[in-house]
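This report refers to the structure that appears directly beneath it.
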Amino acid sequence: MQSSVGEVYLVGAGPGDPELLTLKALRLMKQADVAVYDRLVGSEILELLEPCIERIFVGKEPDRHTLPQNDINRLLVDLALQGKKVLRLKGGDPFIFGRGGEEIETLMAAGVRFQVVPGVTAAAGCAAYAGIPLTHRDYAQACVFVTGHLKDGALDLNWPMLAQPRQTVVFYMGLKTVSQICQKLREHGVMDTMPAALVVQGTTRQQQVHAGTVADLPEKLQSAGVRSPALLIVGEVVKLRPQLEWFQSNAESDQPGDGAIRRLSS
Ligand SMILES: C[S@@+](CC[C@H](N)C(=O)[O-])C[C@H]1O[C@@H](n2cnc3c(N)ncnc32)[C@H](O)[C@@H]1O
């Protein structure tokens with residue numbers, strides 16, 4: 001029997017590999033009555049839910065929201081007011097390009113109790129599994145997370161800041177704008193030789209990494225047929241990948257396996 005007062009668990013599910021879930025995320029996943037989840041939450045993570053849990057898919061395709069954000073906010077409140085323990089499961093971390101702030105603002109306004117569980121954000125997960133350290137004593141003393149999503153048809157970003165040396169810039173939601181991003185960086189002084197990589201379906205068995213420079217990566221991607229989700233990493237640290245690469249996905253291997261192979265020899 002449900003208590004009269006429900007609660008919402010705003011949980012980050014990480015970028016894809018289910019083993020990147022936190023223990024707290026897993027515990028709350030097991031005790032929820034209903035799960036409200038996005039497109040970026042993969043099937044392997046959904047399989048960890050209890051079979052009896054009610055599941056509500058609220059979508060969020062790159063150009064199409066299955067349910068508008070306001071309706072999602074309202075849905076969470078309504079379910080909690082029915083006395084349910086609501087698992088709001090999001091890809092990555094709920095507070096990094098996840099609109100988690102808006103969701104809990106609505107909960108707070110409605111007097112609904114909630115908890116926030118951070119998740120491994122795509123930048124951390126994809127970089128780690130691609131063998132690209134986001135900071136490095138020799139190459140990057142800062143790391144910037146930025147959206148590559150067009151706003152009113154334009155990439156209205158602080159390009160002089162993003163073009164600064166000795167930092168790594170990670171573009172979320174930038175798959176469709178890779179060419180524009182690289183062009184803008186070059187216009188603002190980034191050298192044509194600056195390394196850049198696109199990590200596709202990072203941390204999963206389907207992970208692919210396309211590496212190049214800001215000058216040639218857009219063209220390399222044209223014939224690659226890349227699909228979302230994809231994350232663009234720009235910075236000197238990308239050149240460390242050939243030495244530090246350790247994760248071999250099925251997409252990059254001829255051998256069947258569990259996707260994780262540690263290379264012990266050079
Ligand atoms: C709406 S944002 C959500 C970010 C999420 N809250 C996080 O912390 O990772 C979606 C973007 O995250 C990036 N992303 C998420 N998961 C990814 C993955 N497994 N591989 C590559 N990029 C990913 C992509 O840039 C995608 O367009």
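When a ligand or atom number is given, it counts from 1 through the structure's own listing order. Quantities reported herein were computed from a predicted structural model and do not represent experimental measurements.
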Original post:
So, for Phe114 and Tyr9, is the gap between ring centers shorter than 6.0 Å?
Top reply: no
Subject >> Minimum heavy-atom distance between Ala80 and Val86, given as atom pair plus value >> reply: N-CG2, 3.8 Å
Original post:
Mind checking whether Leu40 has a heavy atom under 4.0 Å from ligand 1?
Top reply: yes
**OP:** Any chance you could lay out the salt bridge (Lys or Arg N to Asp or Glu O under 4.0 Å) test for Asp78 and Lys84, step after step, and finish with the verdict?
**Re:** CA-CA 9 Å; Asp78 289 348; Lys84 293 182 176 166; over 6 Å; no
**OP:** List the closest protein heavy-atom neighbour of atom 19 (N) of ligand 1: residue, atom name, distance to the nearest 0.1 Å.
**Re:** Pro15 O, 2.8 Å
Original post:
Within a radius of less than 6.0 Å around CD of Glu187, do more than 12 heavy atoms belonging to other residues, nucleotides or ligands occur?
Top reply: yes
Original post:
Is the closest heavy atom of Cys126 to ligand 1 under 4.0 Å?
Top reply: yes
Original post:
Hey, does Gly91 come in under 3.5 Å of ligand 1, counting only N/O atoms on both sides?
Top reply: yes
Original post:
Looking only at atom types and distance, does a side-chain atom of Thr135 sit under 3.5 Å from a main-chain N or O of Ala142, one as donor and one as acceptor?
Top reply: no
Original post:
Heavy-atom contact under 4.0 Å between Gln201 and ligand 1?
Top reply: yes
Original post:
How close does the nearest protein non-hydrogen atom get to atom 15 (C) of ligand 1, and which residue and atom is it?
Top reply: Ala122 CB, 3.5 Å
Original post:
Of the listed options (Gln206, Gln207, Lys176, Met173), which comes nearest to atom 27 (O) of ligand 1 when hydrogens are ignored and any heavy atom counts?
Top reply: Met173
Subject >> The one among Pro229, Ala124, Gly174 that brings a heavy atom closest to atom 23 (C) of ligand 1 >> reply: Pro229
**OP:** Compute the shortest N/O to N/O distance between Ser228 and ligand 1 and return yes if it is under 3.5 Å, no if not.
**Re:** no
Subject >> Closest approach of any protein heavy atom to atom 3 (C) of ligand 1, naming residue and atom >> reply: Phe97 O, 3.3 Å
Original post:
Quick one: does ligand 1 sit under 4.0 Å from the side chain of Pro94, the backbone, both or neither, non-hydrogen atoms only?
Top reply: neither
**OP:** Heavy atoms only: give me the nearest Leu67-Asp71 pair and the separation to one decimal.
**Re:** CG-CB, 3.8 Å
Subject >> Heteroatom distance test (Thr203, ligand 1): nitrogen or oxygen, under 3.5 angstrom >> reply: no
